[in-house]
Amino acid sequence: MVDDVYRELARRLDGIPNGFASTESGAEFDLLAKLFTPEEAALASVMRLSPETPQQIAERAGTDAGSVETRLREMRGKGLIGARKGEAGASYSLIPFIVGIYENQLTRMDEELARLIERYIVDSRGGSPADGGTAVQRVIPVEQSVPLDLEIFPYERATSLLDGARSWGVRDCICRVQQKLIGKGCDHTVENCLILAPQAGAFDDSDATRPISRDEAQRILLQAADEGLVHSTMNQRDHIYYICNCCTCCCGIMRGVAEFGVPTAVARSDFRVSVAEDRCTGCGACILRCSFGALSKEGDLCVVDYARCVGCGVCVSACPVEAMAMERRPSGEVDEPPGNFREWMARRAEERGIPEDGVC
């Protein structure tokens, strides 16, 4: 049966560190059937996270390398798998659904796909990134919200992440595009997902990413902060290649926290907001700005529910009397992010009880 092909692919995607949550409704199978042909699904089901040649993949799939290579190129063009060029030719790898396949569908997104994705997000309550393990993404505080005399590490500072790149690009937010197609969403800027690369000219030939300067990337960050959007990025300290500017109405991961009540859907920053009681007038401007329900009023003062504060800092700029600022959380309250993607993979794999390389 064709359904068995998609069941096997869903099992394979859930067998890697990121995971791919199952649902009682079977929404994941309908979604995969929209994205992959049966032949593509069968091929992806035998692929590994580490890049392999078409010959290696063909041997595992039990078919000839020539037809496999053609199909792999087509799958790469659809954003369904990863690819790497080498002296001996291209090699191909399995990629997770989030972050990976989903984000690659910007040029293929239509109303049918958008509705299938929405059904999956709702039925899985945010999917595997919200499963309670080490989060896929972490929050970065708005820099203007952190006092100048407070130490902030490079991986906690969005501008430092920009400085570490040699190419900068921007693309439409896949989540806002998806939500607008189903008649939902918001009025926040759509083109503000920042992509970073360590080599020059990385986005010159991209269909989805518009090459920009470092200064324009900085301007986009400032505009996002002005809109009250939450900066988030990969949950690691080094080799960062994107910065999202998220809203809780569209972003699947942020919805995990705000809509589905899963506090571990995103890793909090190591900061939390503090309120100067001698300055606070209880105007409520910060409460309106907070998307996570972390702020409320007691009498004429704003109070913070630290269990709900993700440390984004977007409330600070809303305060007209400068009564709010960010402070470090108590020592040990937030784990230091993994050093790099390999360390993140190892941590997730251990938590989920699977091999680190996802070979089942």
Could you tell me the separation between the CD1 atom of I95 and the CG atom of L80, rounded to the nearest 0.5 Å? 7.0 Å
Working to the nearest 0.5 Å, report the span between CZ of R12 and CZ of R48. 8.0 Å
Residues R157 and D163 bridged, charged N to O under 4.0 Å: no
For E333, is the CD atom crowded, meaning more than 12 foreign heavy atoms sit under 6.0 Å from it? yes
Are Y242 and L106 grouped together when hydrophobic residues (ILVMFWY) are joined by side-chain heavy atoms under 4.5 angstrom apart? yes
Sequence neighbours excluded, which residues qualify as salt bridge (charged side-chain N to carboxylate O under 4.0 Å, His left out) partners of R71? none
Between E118 and Q178, is any side-chain donor less than 3.5 angstrom from a side-chain acceptor? yes
Test your reading of the model: is there a side-chain donor-acceptor pair from R214 to the backbone of L162, 3.5 Å cut-off? no
Indicate whether the side chain of T189 and that of N192 have a donor and an acceptor atom separated by less than 3.5 Å. no
Could you go through L194 and I220, starting from their C-alpha distance and side-chain angles, then the distance that decides it, and tell me whether this counts as side-chain contact (heavy atoms from CB on, under 4.5 Å)? CA-CA 8 Å; L194 295 173; I220 289 171; 3.9 Å; yes
Looking at P337, is its backbone amide N or carbonyl O close enough to the side chain of R237 to form a donor-acceptor pair, meaning the two atoms are under 3.5 Å apart? yes
Check whether any side-chain heavy atom of I240 lies under 4.5 Å from a side-chain heavy atom of Q236, and answer yes or no. yes
So, does K34 use its side chain to make a donor-acceptor pair with the main chain of L116 at under 3.5 Å? no
Do you know which two heavy atoms are closest between V46 and A61, and how far apart they sit? CG2-CB, 4.0 Å
More than 12 non-hydrogen atoms from neighbouring residues, nucleotides or ligands closer than 6.0 Å to CD on E24, yes or no? no
Taking ring-ring contact (aromatic ring centres under 6.0 Å, His included) as the definition, give me every residue that meets it alongside F260, ordered by chain and number, with sequence neighbours left out. none
Minimum side-chain heavy-atom gap R11-E8 below 4.5 Å: yes
Would you compute the distance between atom SG of C193 and atom CG of D172 and round it to the nearest 0.5 angstrom? 8.5 Å
Among V230, V139, T248, V266, exactly one meets side-chain contact (heavy atoms from CB on, under 4.5 Å) together with V257. Which residue is that? V266
Within residues 216-225 or reaching into it, pairs that qualify as salt bridge (charged side-chain N to carboxylate O under 4.0 Å, His left out) - sequence neighbours excluded: R210-E216, E216-R219
Donor-acceptor pair, N18 side chain versus I98 backbone, under 3.5 Å? yes
Are V177 and V190 packed together at the side-chain level, in the sense that at least one heavy-atom pair is separated by less than 4.5 angstrom? yes
Just do the salt bridge (charged side-chain N to carboxylate O under 4.0 Å, His left out) check on K78 and E74 with the steps written out, would you? CA-CA 6 Å; K78 295 179 180 180; E74 293 172 350; 6.0 Å; no
Atom pair CD (Q55) and CD1 (I57), whose distance is rounded to the nearest 0.5 Å: 10.5 Å
Do H239 and F341 make a side-chain contact, defined as non-hydrogen atoms from C-beta onward lying under 4.5 Å apart? no
Ignoring hydrogens, what is the shortest heavy-atom contact between P54 and A90? Give both atom names and the distance. CD-O, 3.6 Å
Between R352 and D14, is the side-chain contact (heavy atoms from CB on, under 4.5 Å) condition met? List the steps. CA-CA 10 Å; R352 302 191 67 231; D14 196 38; 2.8 Å; yes
So among T23, L113, I101, I121, which one has a side-chain contact (heavy atoms from CB on, under 4.5 Å) with L31? L113
Main-chain N/O of R272 paired to R329 side chain as donor or acceptor, under 3.5 Å: no
Return yes when atom CG of D110 has more than 12 non-hydrogen atoms of other residues, nucleotides or ligands closer than 6.0 Å, and no otherwise. yes
Decide whether E143 and T159 meet the rule of one side-chain donor and one side-chain acceptor closer than 3.5 Å. yes
Donor-acceptor pair, side chain of N235 and main chain of Q137, under 3.5 angstrom: no
V170 and I195: side-chain contact (heavy atoms from CB on, under 4.5 Å), yes or no, with the steps? CA-CA 6 Å; V170 63; I195 314 297; over 6 Å; no
Minimum side-chain heavy-atom gap S22-E28 below 4.5 Å: yes
Hey, are E351 and T134 close enough side-chain-wise for a donor-acceptor pair under 3.5 Å? yes
Taking Y241 as the starting point, is it possible to reach I140 by hopping between hydrophobic residues whose side chains are less than 4.5 Å apart? yes
For residues L295 and C290, report the shortest heavy-atom separation together with the two atoms involved. CD1-CB, 4.0 Å
Closest non-hydrogen atoms of W344 and P17, given as atom of the first, atom of the second and distance, are CZ3-CB, 4.4 Å
How many angstroms lie between atom CG of D123 and atom OG of S25, to the nearest 0.5 angstrom? 3.5 Å
Say whether, by atom type as modelled, one donor and one acceptor occur between the side chain of T209 and the main chain of S206 under 3.5 angstrom. no
Does the side chain of Q179 pick up a donor-acceptor pair with the side chain of R176 at under 3.5 Å? no
Taking the ring centre of each residue, are F97 and F20 less than 6.0 Å apart? yes
Does a side-chain heavy-atom distance below 4.5 Å link L161 with T233? yes
Between V275 and M324 the two heavy atoms that sit nearest each other are CG2-CE, 4.0 Å
Counting only N and O atoms by type, is there a donor-acceptor contact under 3.5 Å from the side chain of E59 to the main-chain atoms of Q56? no
Cluster overlap I212 with F203, hydrophobic side-chain contacts below 4.5 Å: yes
Quick one, I174 and Y102 - any side-chain contact, counting heavy atoms below 4.5 Å? yes
Do side-chain atoms of E103 reach the backbone of G100 as a donor and acceptor pair under 3.5 angstrom? yes
Within one Ile-Leu-Val-Met-Phe-Trp-Tyr cluster: V136 and I243, side-chain cutoff 4.5 Å: yes
Cluster question for you: counting only ILVMFWY and a side-chain heavy-atom cut-off of under 4.5 Å, with indirect links fine, are V303 and V316 together? no
Looking at every heavy atom in both C250 and C186, which two are closest together, and how far apart are they? SG-SG, 3.9 Å
Can you tell me how far CD of E259 sits from CZ of R125, rounded to the nearest 0.5 angstrom? 9.0 Å
Do E156 and R328 sit within salt-bridge range, that is, some charged N less than 4.0 Å from a carboxylate O? yes
Within 6.0 angstrom of R166 CZ, more than 12 heavy atoms from elsewhere: no
Expected output: side-chain R279 to main-chain V321 donor-acceptor under 3.5 Å: no
E327, CD atom: more than 12 neighbouring heavy atoms under 6.0 Å: yes
Go through the steps to decide whether R289 and C319 satisfy the test side-chain contact (heavy atoms from CB on, under 4.5 Å), and finish with yes or no. CA-CA 9 Å; R289 198 71 177 273; C319 180; over 6 Å; no
State whether the number of non-hydrogen atoms from other residues, nucleotides or ligands found under 6.0 Å of K184 atom NZ is greater than 12. no
